[in-house]
Student: 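My structure is below; once you've seen it, I'll send some questions.
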2 protein chains.
Amino acid sequence: MDNKDFYTVRGYQIHKKNEKMLTPSMEDYMEMIYRVCRKNGYIRINVLAERLNVQAPSVSRVVEKLKARKLISYEKYGVVQLTDKGKQVGAFLLKRHKAVEAFLKFLGLQETLMDTEMIEHNISVETLKKLILFNRFIQSHPEVLTQYHEFLNKNQDRL
Amino acid sequence: MDNKDFYTVRGYQIHKKNEKMLTPSMEDYMEMIYRVCRKNGYIRINVLAERLNVQAPSVSRVVEKLKARKLISYEKYGVVQLTDKGKQVGAFLLKRHKAVEAFLKFLGLQETLMDTEMIEHNISVETLKKLILFNRFIQSHPEVLTQYHEFLNKNQDRL
DNA sequence: TACATATATTACCCATAGGTAACTTATTTG
DNA sequence: CAAATAAGTTACCTATGGGTAATATATGTA
Ligand SMILES: [Mn+2]
Ligand SMILES: [Mn+2]
Ligand SMILES: [Mn+2]
Ligand SMILES: [Mn+2]
């Protein structure tokens with residue numbers, strides 16, 4: 001992709017795909033597999049379907065793709081488990097999720113899940129790094145947090 | 001959509017659609033139409049195609065949809081213009097774009113276009129409001145900006 | 001062990017959002 | 001004004017990522 005300015009979602013989605021990255025959907029699957037496997041060691045197709053609010057056939061399909069990318073191990077009618085590579089990816093995705101969530105919490109939002117779920121797939125590694133640094137900055141500067149909350153209280157209505 | 005936690009992009013994308021919102025792609029079209037029409041009063045199909053790095057037939061299709069939603073006026077082989085409703089939507093989209101961009105700039109990113117283009121479609125109105133408030137907070141508290149930059153300089157490498 | 005039930009797969013369907021090729025309409029120019 | 005060119009539309013293709021219905025396999029229980 002030529003070094004062009006795109007001004008579109010699609011342009012950059014395609015850009016990402018060429019780099020052999022996971023699609024947003026696959027990222028959600030991996031993140032959830034990681035969440036569950038961390039505790040139970042494995043996850044079954046139907047459980048994954050339920051957790052992702054999706055039907056089993058959709059899971060079957062995606063699981064095949066993730067296996068092809070060596071992120072999980074799976075044999076027909078068996079159990080899904082993470083490979084070492086899969087564990088790394090899952091850990092990254094969960095870390096990213098938490099970074100976005102922490103930032104949204106800081107902003108003052110109560111309900112963060114929906115926005116987190118949407119935003120997490122659409123930030124570059126650079127932005128993620130900065131977001132993590134910013135979260136640390138806030139942690140180490142509680143006075144800024146206080147100032148911001150005061151500012152919010154004064155201004156929350158006028159937009 | 002039941003008040004369920006989804007943990008997926010798709011769940012929330014579908015949620016949005018039911019509310020008769022624009023798709024990310026349509027938002028990009030509207031934003032670009034607004035950018036150009038603000039200056040020229042109108043835009044042609046081929047120009048829009050070029051600006052969005054997309055082919056003319058794709059534009060024809062989307063323009064039909066936007067017309068059906070009364071966001072633009074268009075007659076075959078004619079010129080695209082914004083309705084009053086379309087101007088409102090366009091103004092909102094541009095404002096949102098700028099809010100996301102300003103925030104990413106604040107974080108310390110040089111290249112913001114790609115992330116802005118991706119993120120802008122995936123933030124709720126609540127998050128946008130908070131983001132705008134946060135941008136204002138930073139503007140009115142330059143000492144925080146300085147502190148953050150110092151923090152960045154000390155920590156930018158260790159992640 | 002046989003049957004009922006639970007789990008998973010396969011074969012299809014749908015929508016979105018892009019693409020190309022062929023055709024039509026509009027505009028420019030000799 | 002006729003021909004050439006530019007602009008736009010139509011018909012049809014692709015891929016992703018969902019869905020359902022029917023089928024296959026595995027598991028639990030009488
Ligand atoms: Mn997600
Ligand atoms: Mn997530
Ligand atoms: Mn965009
Ligand atoms: Mn934009």
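So that the names make sense, note that chain A is the first sequence line, chain B the second, and so on, each numbered from 1. Predicted model only: the values in this text are computed from it and were never measured.
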Student: Rounded to the nearest angstrom, tell me the gap between atom CG in L22(B) and atom P in dA15(C).
Tutor: 19 Å
Student: Using only side-chain N and O atoms of S58(A), determine if any of them is under 4.0 Å from OP1 or OP2 of dG18(D).
Tutor: no
Student: F134(B) and F134(A): aromatic ring centres closer than 6.0 Å?
Tutor: yes
Student: For the pair K67(A) and E75(A), find out whether any cationic side-chain nitrogen is under 4.0 Å from an anionic carboxylate oxygen.
Tutor: yes
Student: Calculate the interatomic distance between K65(A) atom NZ and dG18(D) atom C1'; express it in whole Å.
Tutor: 11 Å
Student: Is it true that R44(A) and E50(A) have a side-chain N and a carboxylate O under 4.0 angstrom from each other?
Tutor: no
Student: Think K76(A) has a side-chain N or O under 4.0 angstrom from the OP1 or OP2 of dT7(C)?
Tutor: no
Student: Considering just the side-chain nitrogens and oxygens of T23(A), establish if one lies under 4.0 Å of OP1 or OP2 belonging to dT16(D).
Tutor: no
Student: Rounded to whole Å, please give me the gap between CE in M30(B) and P in dA17(C).
Tutor: 15 Å
Student: On a heavy-atom basis, which atom in L128(B) and which in F92(B) lie closest, and how many Å separate them?
Tutor: CD2-CE1, 3.5 Å
Student: Would one find a side-chain N or O of S25(A) under 4.0 angstrom from OP1 or OP2 of dG18(D)?
Tutor: yes
Student: Phosphate oxygens OP1/OP2 of dT9(D): is one of them under 4.0 Å from a side-chain N or O of Y74(B)?
Tutor: yes
Student: Grab the CE-C1' distance between M26(A) and dT16(D) for me, whole Å please.
Tutor: 9 Å
Student: With nearest nucleotide decided by heavy atoms, which residue, Y77(A) or A56(B), maps closer to the 5′ end of DNA chain D?
Tutor: A56(B)
Student: Expressed in angstrom and rounded to an integer, what is the separation of E50(B) atom CD from dG19(C) atom P?
Tutor: 14 Å
Student: Do the side chains of R61(A) and E64(A) get close enough for a salt bridge, i.e. N-O under 4.0 angstrom?
Tutor: no
Student: Just N and O in the side chain of S60(A): are any of them under 4.0 Å from OP1 or OP2 of dT9(C)?
Tutor: yes
Student: Roughly, in whole Å, what's the span from CG in N46(B) to C1' in dT9(D)?
Tutor: 13 Å
Student: Over how many whole Å does the gap from Q55(A) atom CD to dT20(D) atom C1' extend?
Tutor: 8 Å
Student: Is the phosphate of dG18(D) approached by Y29(A) (side-chain N or O, under 4.0 Å from OP1 or OP2)?
Tutor: yes
Student: Could you please name the option among dA21(D), dA8(C), dT10(D) that lies closest to any side-chain atom of R44(A)?
Tutor: dA8(C)
Student: Whole-Å distance between dT9(C) C1' and K67(A) NZ?
Tutor: 14 Å
Student: R61(A) or G78(A): which one's nearest nucleotide on DNA chain C is closer to the 5' end?
Tutor: G78(A)
Student: Students often get this wrong, so: under 4.0 angstrom with heavy atoms, is V59(A) touching a base, only sugar-phosphate, or nothing?
Tutor: nothing
